[in-house]
Visitor: 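Next up is a structure, given as structure tokens.
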2 protein chains.
Amino acid sequence: MDSDARKIPSHEVTYARLRDMILFGHLAPGAPVTIQGLIGDLGAGMTPVREAIRRLTAEGALLPQGNRRVAVPELSVDLLEQVAFARLAIEPRLAELAAPKLTGAQIDRLEAIDGAVNRAIEAGKLPDYLAANHAFHFALYEAAEAPVLLDLARSLWLRAGPGLRAVIGRYGREVAPDLHRVALAAMRAGDAKALGSAIERDIQQGVDHIRQALAESH
Amino acid sequence: MDSDARKIPSHEVTYARLRDMILFGHLAPGAPVTIQGLIGDLGAGMTPVREAIRRLTAEGALLPQGNRRVAVPELSVDLLEQVAFARLAIEPRLAELAAPKLTGAQIDRLEAIDGAVNRAIEAGKLPDYLAANHAFHFALYEAAEAPVLLDLARSLWLRAGPGLRAVIGRYGREVAPDLHRVALAAMRAGDAKALGSAIERDIQQGVDHIRQALAESH
DNA sequence: GTTCAAGAAATTTGATCAAATTATTCGCCT
DNA sequence: AGGCGAATAATTTGATCAAATTTCTTGAAC
């Protein structure tokens, strides 16, 4: 029954679960991320939990609290600006690198993911939207075959995670230009520059969204 | 005697030691970074060593090897280009942010560190040079008070670490323009743009150095 | 008879857990 | 309000289990 789960180690599973909780804003900033608590919640042993916390701390998704505890960091305007700057530097480059390597099948897959994004928006399913949007960007970035830049992008999305919580619950007004469609058109045309530009504007749009949500919650 | 060391946890010490070994090229790429080996070499327990390895893996300083081991990654030309691109995007920005916040005392300290850099060069002490150069850059970057960008810079230096090993042992021909001096002049003048530009050229110079060393070792 | 290969045993190493230790925090009492 | 003590949580060690690599042996082919 559970014979299929035997191959992947427990600390990987624990890491992935905790990461997704942060990435999609399921954990409140300042939340008490305690080892003992996660042992109960995730049903894992102590060692796997410790290692998951250490990894996420190293990636900037958790913040050490002076005393020997960690918590989900509050996303201040100052931190958001740093994340925004770095994302705008790294991710358009990833898109440019991916452009010449994309196969037709990969573009089809990206178009399918983008369909899921739009369906989630129309249905008003914010969590689904966040997951699908994440999937779209990283399916594209992975095609760039640039592991260093990809790791940086992952870390930056993780740091922006707590900000998404502020977005959740706001009206799902999705903005005018659908930049994913622009990006897809650039992919089909093989235009790396245009693709990078579309991704850049898409990031700018997303960051603006978080910035507004942050400003309204004081 | 060791009463002062009681406050900082063992896994932090272990992490810092292993990190520095990678950062300054003391570990050969492909080297067998094994838990049991480090327990012996560093005299630490199993859990601290595990956590240090996990943290450094998350930061990209160590690479998982399919089987459940990790090793110091080989620095290919391709990886170096990615690191170079990201460093050129992030670090000049850190310098610009630091410029208006630098106090006279901090600039004096940076000048002192740069003195150590030059002394190490003249004495032909490569390890001392690497340590002092690292200290110079991060003393500057820390003044920017931008933790996100600072973490990214740390991760990038860590990824470039294995490349330094190729540089060690080559003739210590230090290049013409001393860009640290240019940077110090920009700091005293309070010219953020000039400081960013000096750091940018300094990075370019360092990357060129590694690139050449890499090319010569085929 | 020698060599190569396949397979099995043994050793090494990583993963997980449980217990003991140490530090921090919180409530209570003065 | 300040300090003392109990409780809670993190750190660390040691032990046990599972996986992987290496080595040794055995058999067959040349």
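Every chain is numbered from 1 and lettered A, B, ... according to where its sequence line falls, protein lines coming before strand lines.
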Visitor: To the nearest 10 degrees, what angle separates the axes at the start and end of the helix from C:dG1-D:dC30 to C:dT30-D:dA1, five pairs each?
Guide: 10°
Visitor: Ring centroids only, cut at 6.0 angstrom: are B:Y15 and B:H11 within range, meaning strictly under it?
Guide: no
Visitor: Can you list, in residue-number order, the parts of residues 45-60 of chain A that come under 4.0 Å of DNA chain D, counting heavy atoms only?
Guide: A:M46, A:R50, A:R54
Visitor: I'd like to know if the side chain of B:D202 pairs up with that of B:H137 as donor and acceptor (distance under 3.5 Å, no hydrogens or angles considered).
Guide: yes
Visitor: Take atom CG of B:L42 and atom C1' of D:dT12, then tell me their distance rounded to the nearest Å.
Guide: 16 Å
Visitor: Classify the side-chain pair A:H180/A:N118 by whether it contains a donor and acceptor separated by less than 3.5 Å.
Guide: no
Visitor: By nearest atom, which of the nucleotides C:dT16, D:dT12, D:dA9 is closest to the A:R68 side chain?
Guide: D:dA9
Visitor: Starting at atom CD1 of B:I35, determine the distance to atom C1' of D:dA19, rounded to an integer number of angstrom.
Guide: 13 Å
Visitor: Just N and O in the side chain of B:T34: are any of them under 4.0 Å from OP1 or OP2 of C:dG14?
Guide: yes
Visitor: Please report, rounded to the nearest Å, how far the P atom of C:dA15 is from the NE2 atom of A:H11.
Guide: 5 Å
Visitor: Flag the pair B:R55 and A:E59 as a salt bridge only when some basic side-chain nitrogen lies within less than 4.0 angstrom of an acidic carboxylate oxygen.
Guide: no
Visitor: Tell me the interatomic distance from B:Q36, atom CD, to C:dT16, atom P, rounded to whole angstroms.
Guide: 15 Å
Visitor: How many angstroms lie between OG1 in A:T14 and CG in A:L18, if you round to the nearest 0.5 Å?
Guide: 8.5 Å
Visitor: For residues A:F138 and A:H134, establish whether the separation of their ring centroids is below 6.0 Å.
Guide: yes
Visitor: What is the distance, to the nearest angstrom, from the CD atom on B:E12 to the C1' atom on C:dA23?
Guide: 15 Å
Visitor: Could you pull out the closest heavy-atom pair between A:G60 and A:P73, with the gap in Å?
Guide: O-CG, 4.4 Å
Visitor: In plain terms, say whether B:D128 and B:R119 are close enough for a salt bridge, that is, a side-chain N and a carboxylate O under 4.0 Å apart.
Guide: no
